[in-house]
Asks: 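Please read through the structure below; I'll follow up with questions.
A note on names: the letters A, B, ... follow the listed sequences, proteins ahead of strands, and every chain is numbered from 1. What you see below is based on every heavy atom in this structure, not just the backbone, and it leaves out hydrogens, waters and symmetry mates.
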2 protein chains.
Amino acid sequence: MSATKAGRPRRKRAGQYHHGDLRRALIEQALRTIDAAGADRLTLRGVGAALGVSRTALYRHFADKEALLAAVAREGFRLLREALLEAWERDGRGAAGFEAMGVAYLRFAIDHPSHYRVMFGRFVESGERDADLEAEAESAFGALVDALTALQRDGLARADDPLLQARFVWSVTHGIAMLVIDGRLRGCDEDAAALNRYTAERLRQALSAEPAPGANR
Amino acid sequence: MSATKAGRPRRKRAGQYHHGDLRRALIEQALRTIDAAGADRLTLRGVGAALGVSRTALYRHFADKEALLAAVAREGFRLLREALLEAWERDGRGAAGFEAMGVAYLRFAIDHPSHYRVMFGRFVESGERDADLEAEAESAFGALVDALTALQRDGLARADDPLLQARFVWSVTHGIAMLVIDGRLRGCDEDAAALNRYTAERLRQALSAEPAPGANR
DNA sequence: ACCTGAACACCGTTCAAGT
DNA sequence: ACCTGAACACCGTTCAAGT
């Protein structure tokens, strides 16, 4: 729109570095590359080139490649949390909403397998972890804890430690997500659907108030 | 011992390439590096140097770096399968043996987190997968299917499709393993132990023959 | 402040050449 | 057959210099 945007697109004008938020643009470009080709194929030089920016411009906003990946992972947990909350609330904050959360979780992993992989499996040996990333992951996990607490209040789930219960549920869901995006279920669609159905049943049984005989409480 | 081993250790003797099985040595060296520093830190040049061999010698035995990693992953599934079978048989091929398998699985993941990570999470975008690796992974999974089949025969588990049931159990265990080695459980030891205990209980409940009323079968 | 361009120390992989 | 050494096309990262 503005006159300063005119001129040859390949040519850099003096004083015209980059439009508004380069940091944001870097994250989004990295995410595009990761979704399209996987995190292994991500190069800082490629990200810069795609944005028409020098390959060292990135270092003004990120300490190194790991920091960029941490930002991408953080963005993933933010999107995941939003998807979980949306599903939970849309389907009535009850048993149906809880199952919808599970579906939304798997959908996220299946739709963005490379992004999902960056969110986990990083920082094994790094020792130090990004505090913001940690907080965002905890926040997404919190959506699950809150849902289970609500279910317990309404007598729809065993009255166990919600944190422990949430970790168990997360383990199951994360495990399925990994098996699916690793392609370890052969007849992909059908097998995955069957596993989802079976798991939902088993989870219902595992979390229901114990009906077994002999328990005095 | 032999006279040919004498001489300067840094100096290469003419005609003395490498002792017996270089392929095996390459896998084991790669595994050492991965266990010590993580798969990200693995370089082919480093592996060659550690073995006193040129950095291109590797290409006589592996097509590329990915192929070496596939061999390392395959070795992992072999070791995992052995650990699972050993636990299952040692503890009596029953309910106790089944729980021992779970413990052995988590022990493997915790003792070799980087190796465990290489076994999963690879080959997202590669398309083609190593057939031998696939077979070894299937074989390890088979140990779980066999155990569940035996439990069902003895009336110790619901009579569901063993394959589906095994996938569910694997998902849970894999999910926990990932949470633990990602360091997502804060008070590492204590929290992990509590989660293991809780999960074992929930799994018992989820796999027990359904005691719910109203079922006519 | 933010960005650039050259430079450095690495990679994986290829290939003609040695034994 | 198996291994070597030089070479190629890449990386991430640093840094003095520009505006």
Side-chain angles (χ1 to χ4, degrees), chain A residues 4-5 7-27 29-30 33-34 37-72 118 122-123 125-126 128 130, chain B residues 4-5 7-27 29-30 33-34 37-72 118 122-123 125-126 128 130:
Chain A
T4 62
K5 278 280 176 89
R8 312 261 197 67
R10 295 279 150 220
R11 210 73 175 186
K12 262 211 139 52
R13 311 259 315 127
Q16 157 90 5
Y17 287 145
H18 189 266
H19 54 281
D21 196 346
L22 178 57
R23 188 191 141 88
R24 184 80 216 153
L26 287 165
I27 294 176
Q29 179 56 42
T33 306
I34 288 169
D40 287 354
R41 229 83 92 185
L42 179 77
T43 72
L44 300 188
R45 293 159 115 99
V47 171
L51 260 46
V53 127
S54 159
R55 51 186 170 280
T56 58
L58 180 141
Y59 289 89
R60 283 293 128 191
H61 299 97
F62 298 99
D64 51 20
K65 189 177 187 180
E66 192 115 331
L68 175 61
L69 282 171
V72 168
V118 172
R122 281 287 117 195
F123 318 108
E125 49 267 344
S126 300
E128 287 310 305
D130 187 297
Chain B
T4 62
K5 279 279 178 91
R8 313 259 196 70
R10 296 278 149 222
R11 210 72 177 185
K12 260 213 140 50
R13 310 260 315 129
Q16 158 91 2
Y17 286 145
H18 189 266
H19 53 280
D21 195 347
L22 178 57
R23 187 191 142 87
R24 185 78 217 155
L26 287 165
I27 294 176
Q29 180 56 42
T33 306
I34 288 169
D40 287 354
R41 229 83 94 185
L42 179 77
T43 71
L44 299 189
R45 293 157 115 98
V47 171
L51 259 46
V53 125
S54 159
R55 52 186 170 279
T56 58
L58 180 143
Y59 288 90
R60 283 293 128 192
H61 299 97
F62 298 99
D64 51 21
K65 190 178 186 178
E66 192 113 333
L68 174 62
L69 282 171
V72 168
V118 172
R122 282 285 118 194
F123 317 109
E125 49 269 343
S126 301
E128 286 310 306
D130 188 296

Asks: The side chain of A:R60 is closest to which nucleotide in this list: D:dA6, D:dC15, C:dC2?
Replies: C:dC2
Asks: Using a 4.5 Å cut-off on heavy atoms from C-beta on, say whether the side chain of B:T56 contacts that of B:L44.
Replies: no
Asks: What pair of heavy atoms forms the shortest contact from B:V72 to B:A30, and how long is it?
Replies: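 Residues B:V72 and B:A30, closest heavy atoms: CG2-CB, 4.0 Å.
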Asks: Could you give the CG-to-C1' distance, from B:L51 to D:dT4, as a whole number of Å?
Replies: 16 Å
Asks: So which nucleotide from D:dC3, D:dT4, C:dT4 ends up closest to the side chain of B:S54?
Replies: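 The nucleotide sitting nearest to the side chain is D:dT4.
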Asks: Using side-chain heavy atoms (C-beta onward) and a distance below 4.5 Å, is A:I27 in contact with A:F62?
Replies: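 SC-SC contact between A:I27 and A:F62 confirmed.
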Asks: What are the two closest non-hydrogen atoms of B:G46 and B:T43, and how far apart are they?
Replies: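 Looks like N-OG1, 2.9 Å.
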Asks: Figure out the CG/C1' separation between B:L69 and C:dT13, and round it to whole Å.
Replies: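 Taking atom C1' of C:dT13 as the reference, CG of B:L69 is at 15 Å.
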Asks: Can you measure from CG (A:D40) to OG1 (A:T33) and round to the nearest 0.5 angstrom?
Replies: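 Interatomic distance, A:D40 CG to A:T33 OG1, rounded to 0.5 Å: 13.0 Å.
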Asks: Considering all heavy atoms of both residues, which atom of B:Y59 and which atom of B:D64 are nearest to each other, and what is their separation?
Replies: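 Where B:Y59 meets B:D64 most closely, the heavy atoms are CE2-CA, 4.2 Å.
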Asks: Atom CZ of A:F62 to atom C1' of D:dT13: distance rounded to whole Å?
Replies: 16 Å
Asks: Considering only nitrogen or oxygen atoms on both sides, find all protein atoms under 3.5 Å from nucleotides 9-12 of chain C and state each distance.
Replies:
residue, atom, partner, partner atom, Å
C:dG12, OP1, B:L44, N, 3.0
C:dG12, OP1, B:K65, NZ, 3.2
C:dG12, OP2, B:L44, N, 3.2
C:dG12, N7, B:R45, NH1, 2.3
C:dG12, O6, B:R45, NH1, 3.1

Asks: Show me, range against range, the stems involving DNA chain C, built from at least 3 consecutive Watson-Crick or G-U pairs below 3.5 Å.
Replies: C:4-8 with D:12-16, C:12-16 with D:4-8
Asks: Measure across A:V118 and A:A39 and return the closest heavy-atom pair with its distance rounded to 0.1 Å.
Replies: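 Minimum heavy-atom contact is CG2-CB, 3.7 Å.
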Asks: What integer distance in Å separates A:R23:CZ from C:dC3:C1'?
Replies: 18 Å
Asks: Between B:H61 and A:L58, which is nearer to the 5' end of DNA chain D once each is assigned its nearest nucleotide?
Replies: B:H61
Asks: To check you understand the geometry: which heavy-atom pair defines the closest contact between A:H61 and A:L26, and what is its length?
Replies: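 Shortest heavy-atom contact: ND1-CD1, 4.1 Å.
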